Each structure stands twice: as structure tokens, then as C-alpha cells.
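Since the structure comes first, as C-alpha cells, the remarks are kept for the end.
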Amino acid sequence: TQLLEQSPQFLSIQEGENLTVYCNSSSVFSSLQWYRQEPGEGPVLLVTVVTGGEVKKLKRLTFQFGDARKDSSLHITAAQTGDTGLYLCAGRSNSGYALNFGKGTSLLVTP
Amino acid sequence: DAGVIQSPRHEVTEMGQEVTLRCKPISGHDYLFWYRQTMMRGLELLIYFNNNVPIDDSGMPEDRFSAKMPNASFSTLKIQPSEPRDSAVYFCASSYRVTGELFFGEGSRLTVL
């Protein structure tokens, strides 16, 4: 099982601020996904990245996959209260099919 | 379209009792996954099925846990006997290909007293 380390574990910011959260591993991933989970619900997919160095944008969210496909980052510009939630990264190795999750970054955006 | 449906949403039971969690995947999805989520360990993959056949059960904690998928529209996760350390939120997820997006249910919150 590949270990995915997410940082920071908790983050509390005010509306309008920018933030970056990280997902790191010593293993190489064939693909990496980011999910957001709200209280009482299951995770929901935000994006999938597959190519080293790939950058994807989803409105105010920018996702980057590391060149070596071992790490990823999520940058949120001008955070809104609706961005509050648990952000999870999940990766698949080249040899495995199962999706392994990090423990997540819990984000709280206050007005 | 209906998403992944799990039941019960909440279960409180006493140590030693049998617990059965149920899942109905999205129609047409041929992969089904069971995950467990706790604050300490995050989301852990317990087992997954492809076309109703268990493919990888290496995440199942011990013999007290068992999972079945008798047909394409139904799966169960059973814990017998249950222990307090089994308290967690159990998620079922499905996908139409193993490398695709996982669609999660709302989870079953289990509390074992």
C-alpha cells in the first residue's frame, strides 16, 4: 500500500484568501485523483491527473501533478465559504488497481 | 439517476453483536469497493469486487469481517462479532472501470458500544 501524506492536516482561513494543500508520496502513481468530502456525505471527485507535470484548472481550483508523478498540489484562489470540506488525494500505482487515499486536509473558510 | 445507496445510515450496537451493512451500486458499474473511514486512519480500502467477484480483500482487518456480492446490484459487509474498535463510517463506492471515478454512497456510521 502506497502511503500518501497530505499537508496541512487542518487549515482555517478567511474568505478571499488563497491556499495550497499538498499530497506527497515516495511512490510513483499512474494517476492521482482529488476528492472533496462534506460532513455526512461521501467523497466527490474533483479531478484526475495522469501525466507528470500536468496542470488542470476547475474554476478557482488549480491542480498540479508532480513531474515524477509522486506528488500533487491543490491551489484555491480567493477561497469561499462553500470551499469548506475535507480534501482527499488518492493514487493508483502502476501495478495496482486499488485507489489508496491520504488522510485529507480539513479546510474551513470563514466569512 | 440514483447514486450508490447504502443502508443503514446509522447503526448503534453492542459489542459481540452481528452487523450487516448493505450497498446498492450504480446500475452498469461493474466495480464495487468497500472503504472504512476513521479520524486516525483515514479512508482504508477493505475489499473490492469486479463483476461480483472479490478481487482484493487484503484490506479486510480480520476474519470477523466478510463481504459478499451475490449479484450486480447488491453487496453486503458483515462484521461478526463486532468490537468497539470497529466503530467507523463505512463507505461503499462503485465505478464502471477500475481506473475511473469512484462514486461513493453517503456511508453507514457504525458505533459499537
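We name chains A, B, ... by the order of the sequence lines, and we start the count at 1 in each one. No experiment lies behind these values; they were computed from the predicted model shown.
- Linking Ile, Leu, Val, Met, Phe, Trp and Tyr residues whenever their side-chain heavy atoms come within less than 4.5 Å places B:Ile79 and B:Ile47 in a single cluster.
- Atom CD of B:Glu14 has 12 or fewer neighbouring heavy atoms from other residues, nucleotides or ligands inside a 6.0 Å radius.
- Heavy atoms of other residues, nucleotides or ligands lying less than 6.0 angstrom from NZ of B:Lys68 number 12 at most.
- Side-chain contact check for B:Gln37 and A:Gln37: at least one donor-acceptor pair (N or O, by modelled atom type) lies under 3.5 Å.
- Residues A:Leu61 and A:Val47 fall within the same hydrophobic cluster, defined by Ile, Leu, Val, Met, Phe, Trp and Tyr side chains chained together at heavy-atom separations under 4.5 Å.
- For a residue to count as touching a neighbouring chain, one of its non-hydrogen atoms must lie under 4.5 Å from one of that chain's; by this rule A:Leu99 touches chain B with backbone and side chain alike.
- With a threshold of 4.5 angstrom between heavy atoms, B:Leu43 approaches chain A through its backbone and through its side chain.
- If you measure heavy-atom distances from B:Arg41 to chain A, the contacts under 4.5 Å come from the backbone alone.
- Heavy atoms closer than 4.5 Å to chain A are found in both the backbone and the side chain of B:Leu102.
- Taking B:Glu101, B:Met39, B:Glu44 one by one and counting their heavy-atom pairs under 4.5 Å with chain A, the maximum is reached by B:Glu101.
- When side chains are defined from C-beta on, A:Lys103 does not count as touching B:Met40, because their heavy atoms never get closer than 4.5 Å.
- Linking Ile, Leu, Val, Met, Phe, Trp and Tyr residues whenever their side-chain heavy atoms come within less than 4.5 Å places A:Tyr87 and A:Leu11 in a single cluster.
- No donor-acceptor distance shorter than 3.5 angstrom exists from the side chain of B:Tyr35 to the backbone of A:Phe101, with no hydrogens or angles considered.
- B:Phe33 and A:Val44 fall into different hydrophobic clusters, where Ile, Leu, Val, Met, Phe, Trp and Tyr residues are linked whenever their side-chain heavy atoms come under 4.5 Å apart, directly or through other members.
- Minimum heavy-atom separation, A:Gly42 to B:Phe104: CA-CB, 4.0 Å.
- Hydrophobic clustering of Ile, Leu, Val, Met, Phe, Trp and Tyr side chains at less than 4.5 Å, counting indirect connections, keeps A:Ile13 apart from A:Tyr22.
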